[in-house]
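Model, not experiment: these values are computed from the prediction.
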Amino acid sequence: MCIRDSPAAVLDGGMLLPFGGHKGAALGIVVELLGGILANSGVVHDTTNPKGTNWGHTVIVIDPQLLVPDFDERATRACSAIRASGPGVRLPGEHSQHVARAAREAGVLELPSDVWASVQQLATGGRWKPSKL
């Protein structure tokens, strides 16, 4: 198997390079182990796992206050430092939160036209027809 940096090359039997170098590869392995083996599902190329399904869900809940009493304050400071690190820097999800808040305040919900057509069809008693992806 050849490791590639092109998504199209994966279709020729290659595989994508992990993001983040060796740390990204380690993170990918952890995801496979926790999301696959721990959930008793298929792992990596093992889609024939006789003990489980080919999909699985693992939920891990951590109360950070039990480990670090001032977690909230430290996390807030870390996020503030990230935002202050350069012009236009924001945390993942902040733009979407801003857009959603503005839409709520304006009383507007923007939908793609195919979604709105499905809503209208259902509202008039028609059968739902999924749009093509």
Pairwise salt bridge (charged side-chain N to carboxylate O under 4.0 Å, His left out) hits with a residue in residues 93-112, at least two apart: R83-E94
Straight-line distance of R90 CZ to S96 OG, nearest 0.5 Å: 8.5 Å
I'd like to check the side-chain hydrogen bond (donor to acceptor under 3.5 Å, both in side chains) partners of D72; sequence neighbours left out, ordered by chain and number. Q65
Who passes side chain to side chain contact (heavy atoms under 4.5 Å, CB included) against P92, sequence neighbours left out? none
Residue list, side chain to side chain contact (heavy atoms under 4.5 Å, CB included) with I60, at least two apart or on another chain: L34, T58, I62
Would a 4.5 Å heavy-atom cut-off, applied to side chains only, mark L91 and I82 as touching? yes
Using side chain to side chain contact (heavy atoms under 4.5 Å, CB included) as the criterion, list what pairs up with Q120, not counting sequence neighbours. W116
Quick check on the hydrophobic clustering: are V99 and L109 connected, directly or via other members, by side-chain heavy-atom contacts under 4.5 Å? no
For residues L111 and V108: do they belong to one hydrophobic cluster (side chain heavy atoms under 4.5 Å, members Ile, Leu, Val, Met, Phe, Trp, Tyr)? no
With sequence neighbours left out, what residues match V59 under side chain to side chain contact (heavy atoms under 4.5 Å, CB included)? V61
Test of understanding: clusters of I, L, V, M, F, W, Y form through side-chain heavy atoms closer than 4.5 Å, transitively. Do I37 and V31 belong to the same one? no
Which residue pairs satisfy the ring-ring contact (aromatic ring centres under 6.0 Å, His included) criterion with at least one member in residues 56-75, sequence neighbours excluded? W55-H57
